**Q** 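Quick one: the structure is below, questions incoming.
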Amino acid sequence: MDITYNKNGMLISAVSEFNLDQTLDCGQCFRFDKADDGSWRGVAGGCAIVARSTAGGILIEGAASDDGEFFKRYFDLERDYAAIRKSYLAHPALAPCAEFAPGIRILRQDAWETLISFIISQNNNIKRIKGIVSRLCALLGEPIGGGEYAFPSAGVIAAANEDDLAPLRAGWRAGYILDAARRVHGGEVVLDDIARLPLDEAQAALRVIHGVGPKVADCVLLFGMGRTDAFPMDVWMKRAMATMFPGNTAADFGEYAGIAQQYIFHYARMNPEMCKTL
DNA sequence: TGCCAGGCGACGC
DNA sequence: GCGTCGCATGGC
């Protein structure tokens, strides 16, 4: 993997198993949208960026000139996905999932943003989740240029009330957002500490928050804390497990179960006929 | 139009 | 412990 800088921005090259469309459109993040020219515009690391696939690699515009380390971590670039994927190809049911979108990388997003985003995600659809997150940032986040806003801090949200959040049109999730903000801002929930706990303890620590159950906790651990041992089970995964992996559990998918989960989730969502119950 | 959406908490048993 | 229910909002 190489990271170089030119007049257009930061260029990430010589990385296998890294596809921008697959990574940003597989349901793990809600702050990027694809523009008409095929580029992805959104916010990462507090910067408004434009990411695009070029002949030379992935080009990031808008990143600070010393953000190579940030994006290595954000896109999980130092993990050997080729080796992980190869181990999945031997499994007859897992192979088609790992082949379908080989360029998925599990993002290491900000834990706080991931927590609120996946609280919003419950019983919701991805398009509307993006809308609510976007309105939350515009309402309470700092403008960062390019028409974008940073994700609001726990302190700012904790100072709001349900009426303040009404413009989000988040429904009953607004109370959950406030509870999360107050517990994080108040120090009862310390996300950096939780990230290092054994999986069951980390799940329990997150579930102290009203509106965080097993699925949201696992999403926060996987997409916001780099915990590839977390295995979120949403409606799509439940269908896929019942039809494609009967009798299997997260434990059957090994140390990187969360990565396998994302291949399966994305495959199931894009090929719903494969996990229809009879 | 009615069903569904990356679920969860409350409640009854 | 487990099943069921309602939940606000809007995408399709």
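Sequence lines set the chain letters: A, B, ... in the order given, protein chains first and strands last, and positions in each chain run from 1. Quick caveat, the model's predicted, so the values are computed rather than measured.
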**Q** Is A:Lys215 salt-bridged to A:Asp218, going by a charged N under 4.0 Å from an acidic O?
**A**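 Salt bridge: no.
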
**Q** Considering only atom P, compute the distance from B:dG6 to C:dC5 and round it to an integer number of Å.
**A**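 About 23 Å, rounded to a whole number of Å.
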
**Q** Grab the CD1-C1' distance between A:Ile209 and B:dG7 for me, whole Å please.
**A**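 In whole Å, B:dG7 C1' and A:Ile209 CD1 are 15 Å from each other.
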
**Q** Hey, would you say the A:Phe231 and A:Phe253 ring centroids sit under 6.0 Å apart?
**A**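 Centroid separation for A:Phe231 and A:Phe253: below 6.0 Å.
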
**Q** When you measure from the side chain of A:Cys219, which nucleotide among B:dA5, B:dG6, C:dT9 comes out closest?
**A**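 Ranking B:dA5, B:dG6, C:dT9 by closest atom to the A:Cys219 side chain puts B:dG6 first.
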
**Q** Taking NZ, NE, NH1 and NH2 as the nitrogens, is one of them in A:Arg52 or A:Asp37 under 4.0 Å from a carboxylate oxygen of the other?
**A**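 Result for this pair is yes, salt bridge flagged.
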
**Q** What is the ring orientation for A:Tyr74 with A:Phe70, classed by angle as parallel under 30°, tilted 30 to 60°, or perpendicular over 60°?
**A**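 A:Tyr74 vs A:Phe70 ring planes: parallel.
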
**Q** Would you mind reading off the distance between A:Ile177 atom CD1 and B:dG7 atom P, rounded to a whole angstrom?
**A**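 Nearest whole value for this atom pair: 15 Å.
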
**Q** For the side chain of A:Asn125, starting at C-beta, report the closest nucleotide among B:dC8, B:dG6, C:dC12.
**A**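 Of all the options, the side chain of A:Asn125 is nearest to B:dG6.
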
**Q** For A:Phe265 and B:dG6, is the gap between ring centres under 5.5 Å while the planes differ by less than 30°?
**A**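 Yes, aromatic ring over the base.
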
**Q** With rounding to the nearest 0.5 angstrom, report the NE2 to CG distance, A:His266 to A:Asp25.
**A**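 So the gap between those two atoms works out to 7.0 Å.
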
**Q** Tell me the interatomic distance from A:Lys130, atom NZ, to B:dG6, atom P, rounded to whole angstroms.
**A**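 Those two atoms, NZ and P, are 12 Å apart.
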
**Q** Under 4.0 Å, counting only non-hydrogen atoms across every strand here, what does A:Gly27 touch: a base, just sugar-phosphate, or nothing?
**A**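 It contacts base atoms.
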
**Q** I need the CD1-P distance between A:Ile119 and B:dA5, as an integer number of Å.
**A**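 Rounding to the nearest Å, CD1 of A:Ile119 and P of B:dA5 are 21 Å apart.
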
**Q** For A:Arg173, report the nucleic acid contact type (base, sugar-phosphate, nothing); a contact means any heavy atom under 4.0 Å.
**A**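 The residue A:Arg173 makes base contact.
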
**Q** B:dA5 base to A:Asp234 side chain: any donor-acceptor pair below 3.5 Å?
**A**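 Answer no: no donor N or O sits under 3.5 Å from an acceptor.
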
**Q** Which listed nucleotide (B:dG6, C:dG10, C:dC7) is nearest to the side chain of A:Asn123?
**A**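 For the A:Asn123 side chain, the nearest candidate turns out to be C:dC7.
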
**Q** Given B:dG9, C:dA8, B:dG6, which nucleotide is nearest the side-chain atoms of A:Tyr176?
**A**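 Among B:dG9, C:dA8, B:dG6, the one nearest the side chain of A:Tyr176 is B:dG9.
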
**Q** Taking donor-acceptor contacts at under 3.5 Å, does the side chain of A:Arg169 reach the base of C:dT9?
**A**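 A donor-acceptor contact between them is absent.
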
**Q** Between C:dG6 atom C1' and A:Trp172 atom CH2, what is the distance in whole Å?
**A**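 To the nearest whole Å, that distance equals 10 Å.
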
**Q** Given that A:Trp236 and A:Arg207 both sit by DNA chain B, which one's nearest nucleotide is further toward the 5' end?
**A**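 Closest to the 5' end, via its nearest nucleotide, is A:Trp236.
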
**Q** If you check every side-chain atom of A:His210, which of B:dG6, B:dG9, B:dG7 has the closest atom?
**A**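 Out of B:dG6, B:dG9, B:dG7, the nucleotide with an atom closest to A:His210's side chain is B:dG9.
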
**Q** A:Asn124 or A:Gly213: which one's nearest nucleotide on DNA chain B is closer to the 5' end?
**A**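 The residue whose closest nucleotide sits nearer the 5' end is A:Asn124.
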
**Q** Taking the six-membered ring where the residue is Trp, are the ring centres of A:Tyr81 and A:Phe18 under 6.0 Å apart?
**A**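 No: the rings miss the under 6.0 Å criterion.
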
**Q** Specify the separation, in whole Å, of atom CD1 of A:Ile132 and atom P of C:dT9.
**A**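 It works out to 9 Å between those atoms.
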
**Q** What's the gap between C:dA8 and B:dA10 when it is taken at their P atoms, as a whole Å value?
**A**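 Between the two P atoms, the distance is 15 Å.
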
**Q** If you only use heavy atoms from C-beta on, which nucleotide in B:dG9, C:dC7, C:dG11 is closest to the side chain of A:Lys127?
**A**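 The answer is C:dG11.
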
**Q** Confirm from the modelled atom types if A:Gln122 and B:dG9 form a donor-acceptor pair under 3.5 Å, side chain to base only.
**A**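 Such a pair does not exist between side chain and base.
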
**Q** Rounding to a whole Å, what distance do you find between A:Leu115:CG and B:dC8:C1'?
**A**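 A:Leu115 atom CG is separated from B:dC8 atom C1' by 14 Å.
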
**Q** If you look at every strand shown and take non-hydrogen atoms under 4.0 Å, does A:Phe223 touch a base, only sugar-phosphate, or nothing?
**A**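 Result for A:Phe223 = base.
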
**Q** Assign A:Leu168 to base, sugar-phosphate, or nothing according to its heavy-atom contacts below 4.0 angstrom with the strands shown.
**A**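 It contacts nothing in the nucleic acid.
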
**Q** Between B:dG6, B:dC4, C:dA8, which nucleotide has the shortest distance from any of its atoms to the side chain of A:Arg239?
**A**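 Output: B:dC4.
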
**Q** When the ring planes of A:Phe223 and A:Phe118 are compared, do they come out parallel, tilted or perpendicular, using 30° and 60° as the limits?
**A**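 The arrangement is parallel - the two ring planes meet at less than 30°.
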
**Q** Return the value, rounded to whole Å, for the distance between atom CZ of A:Phe30 and atom P of C:dG11.
**A**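 To the nearest whole Å, that distance equals 16 Å.
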
**Q** Looking for any heavy atom pair under 4.0 Å, which part of the strands does A:Cys29 touch: base, sugar-phosphate only, or nothing?
**A**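 The answer is nothing, as A:Cys29 stays clear of every strand by at least 4.0 Å.
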
**Q** With P as the reference atom in both, quote the distance from B:dC3 to C:dG6 in angstrom, rounded to an integer.
**A**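 My reading of the P atoms in B:dC3 and C:dG6 gives 14 Å.
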
